[in-house]
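In what follows, chains carry the letters A, B, and so on, assigned in the order in which the sequence lines appear, proteins first and then strands, with residues in each chain numbered from 1.
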Protein chains: 2
Amino acid sequence: MSEMQPPETERKRAPSKRALATKLRVLDAAEKVFADRGFDGATIREIAAEAGEPVGTIHHHGGGKNALFHKTVARRAETLSCDRLNALQQVRSDGDQTLERVLAAFIRPFFDLSSKDPRWRDYARLVAFVSVDSRWKNISAECFDPVAEVFIEEISNLLPKASRKQIVEGFVYSVSAMLALLTSQNRMGALGAQVDLDSTRIDHLVRFCAAGFRV
Amino acid sequence: MSEMQPPETERKRAPSKRALATKLRVLDAAEKVFADRGFDGATIREIAAEAGEPVGTIHHHGGGKNALFHKTVARRAETLSCDRLNALQQVRSDGDQTLERVLAAFIRPFFDLSSKDPRWRDYARLVAFVSVDSRWKNISAECFDPVAEVFIEEISNLLPKASRKQIVEGFVYSVSAMLALLTSQNRMGALGAQVDLDSTRIDHLVRFCAAGFRV
DNA sequence: CCTTAACTTGAACATTTGTTCAAGTTAAGC
DNA sequence: GCTTAACTTGAACAAATGTTCAAGTTAAGG
């Protein structure tokens with residue numbers, strides 16, 4: 001059950017290009033299948049088929065189903081965190097830290113990445129699964145909470161009158177709304193509103209959240 | 001795969017009290033286990049153990065895992081829908097339909113039910129699983145969309161300038177925030193804010209959403 | 001109080017699942 | 001160009017899972 005990365009010490013040889021390509025294929029396939037079916041609904045064999053690799057390879061590169069899930073979530077988390085922190089840094093150096101701009105620094109990168117590479121859309125659905133299942137709270141804590149903490153701090157400075165509790169609540173609402181916009185195209189379609197992810201939608205989301213924070 | 005209720009015609013005998021009690025136990029157990037583990041993570045045997053019944057009984061009353069899941073989600077949906085519509089009716093008859101009051105009519109009943117009966121907390125986690133997995137969009141459409149439609153209509157009347165798209169987006173954000181407050185105690189705790197579900201929290205959520213709608 | 005539909009019970013079954021493993025292949029490090 | 005760590009492959013395995021079923025029990029309808 002303990003899912004920390006193995007120490008990775010004792011490696012005597014660099015992985016070959018072929019091996020790296022295989023590992024990439026495995027992670028991409030895992031991301032797709034986990035996003036489609038969740039952890040329990042996904043099977044190693046389906047991931048293997050998606051990757052075009054034999055089952056043994058999935059275990060070799062993934063280290064078991066649990067570890068593979070963890071790796072899949074963690075892989076893109078760093079990119080996302082960096083983009084968010086860079087965006088925040090940009091806001092800071094511009095000197096006009098409005099609530100809208102700070103929230104946009106947190107929210108926009110996910111959409112920007114999604115529009116450039118559809119695999120980020122799969123990743124968003126995967127994150128939605130993580131966020132709803134308390135089994136993965138350690139993964140959330142590891143992959144997302146540190147950056148969340150930075151933004152909560154920043155928002156606190158902008159809203160000195162609000163209690164920490166209010167800020168955290170608003171932040172959690174904002175994150176869940178963001179995931180809803182990233183993943184709920186179907187649902188909105190069913191409610192009679194065809195929503196595509198253009199910049200207008202994201203602006204609307206940011207303003208929605210900012211207005212909420214200011215109660 | 002087709003999951004409509006069987007016509008239920010041809011029933012020649014009313015179920016006994018014992019049978020009704022068993023069915024209740026089965027549904028309660030299913031609700032708990034599905035809420036803890038999701039559809040794929042749950043097993044018939046674990047539900048059976050939770051209910052204190054043999055496996056065969058779960059199938060007899062549930063009609064298979066898929067049908068049992070459907071029944072479990074649908075069971076409380078009607079109560080919830082009624083409470084919401086009643087609350088809306090109350091707002092209407094009071095004659096002061098503010099956005100806050102209409103949103104509260106949608107949001108509060110879930111919390112009121114949860115505070116009276118902890119099984120509604122399990123149900124909230126179950127609904128969160130449903131909302132995140134596109135496999136269950138038909139269940140959502142059947143159990144929740146009709147009432148959602150009524151509230152969207154009502155909100156549209158209060159915000160005549162907003163487009164349908166904006167209303168639906170705001171509504172989806174509000175629902176996801178509501179589910180977050182119902183289910184994310186852990187997550188907020190991890191972010192350093194111990195949140196309990198008193199009336200203040202719910203007021204805050206309602207004001208958050210209302211402010212967002214008004215952009 | 002009968003009749004019998006409805007319910008209860010748990011063993012049995014066919015699949016599917018995650019994982020292991022041993023034999024073969026590739027290419028990194030020297 | 002050797003050596004051998006690292007990778008690849010797919011067969012095999014034990015455990016778990018959803019479902020079926022046949023025999024026994026309960027109680028509704030008359």
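- If you measure from atom CD of E46(A) to atom P of dT19(C), you get 16 Å, rounded to the nearest angstrom.
- A straight line from CZ of R45(B) to C1' of dA15(D) spans 11 Å, rounded to a whole angstrom.
- As rounded to whole Å, 19 Å separates atom C1' of dT19(D) from atom CZ of F69(B).
- Two residues, A14(B) and V55(B), neighbour DNA chain C, and the one matched to the more 5' nucleotide by heavy-atom proximity is A14(B).
- Across all strands shown, dT8(D) is found opposite dA23(C) as a Watson-Crick or G-U wobble partner, with both distances under 3.5 Å.
- Taking the side chain of T43(B) as heavy atoms from C-beta on, and the options dG18(D), dA27(D), dG18(C), the nearest nucleotide is dG18(D).
- The two residues L99(B) and A210(B) make their nearest non-hydrogen contact at CD2-O, 3.6 Å.
- The R11(B) side chain lies nearest to dC7(C) when the options are dA5(D), dG18(C), dC7(C).
- Rounding to whole angstrom units, NZ of residue K17(A) and P of dC7(D) are separated by 16 Å.
- Atom-to-atom, CG of L68(B) to C1' of dT19(D) comes out at 14 Å; the value is rounded to the nearest Å.
- With dA5(D), dC7(C), dT8(D) as the candidates, the nucleotide lying closest to the side chain of K12(A) is dA5(D).
- Within the nucleic acid shown, R18(A) comes within 4.0 Å of sugar-phosphate atoms alone, with no base atom in reach, counting heavy atoms only.
- A donor-acceptor distance shorter than 3.5 angstrom exists from the side chain of K71(A) to the backbone of G62(A), with no hydrogens or angles considered.
- A donor-acceptor contact shorter than 3.5 Å is absent between the side chain of N138(A) and the backbone of A141(A).
- Evaluation of atom-type donor-acceptor distances gives a pair under 3.5 Å for the side chain of R13(A) against the base of dT4(D).
- Atom pair H61(A):NE2 and dT26(C):C1' shows a separation of 12 Å (rounding to whole Å applied).
- We find that NE2 of H60(B) is positioned 17 Å from P of dA23(D), with the value rounded to whole Å.
- When rounded to the nearest whole Å, the span between CG of L20(A) and P of dC7(D) equals 8 Å.
- Taking only side-chain nitrogens and oxygens, T22(A) comes nearer than 4.0 Å to OP1 or OP2 of dT8(D).
- In this pair, Y173(B) and F208(A) present their aromatic rings perpendicular. The plane angle is above 60°, beyond the 30 to 60° band.
- Looking only at distances, no side-chain donor or acceptor of K165(A) sits under 3.5 Å from a matching main-chain atom of R201(B).
- Heavy atoms of T57(A) sit under 4.0 angstrom from at least one base atom.
- For H59(A), taking side-chain heavy atoms from C-beta onward, the closest of the listed nucleotides dT26(D), dG18(C), dC7(D) is dG18(C).
- Within 4.0 Å (heavy atoms only), A42(B) reaches sugar-phosphate atoms of the nucleic acid but no base atom.
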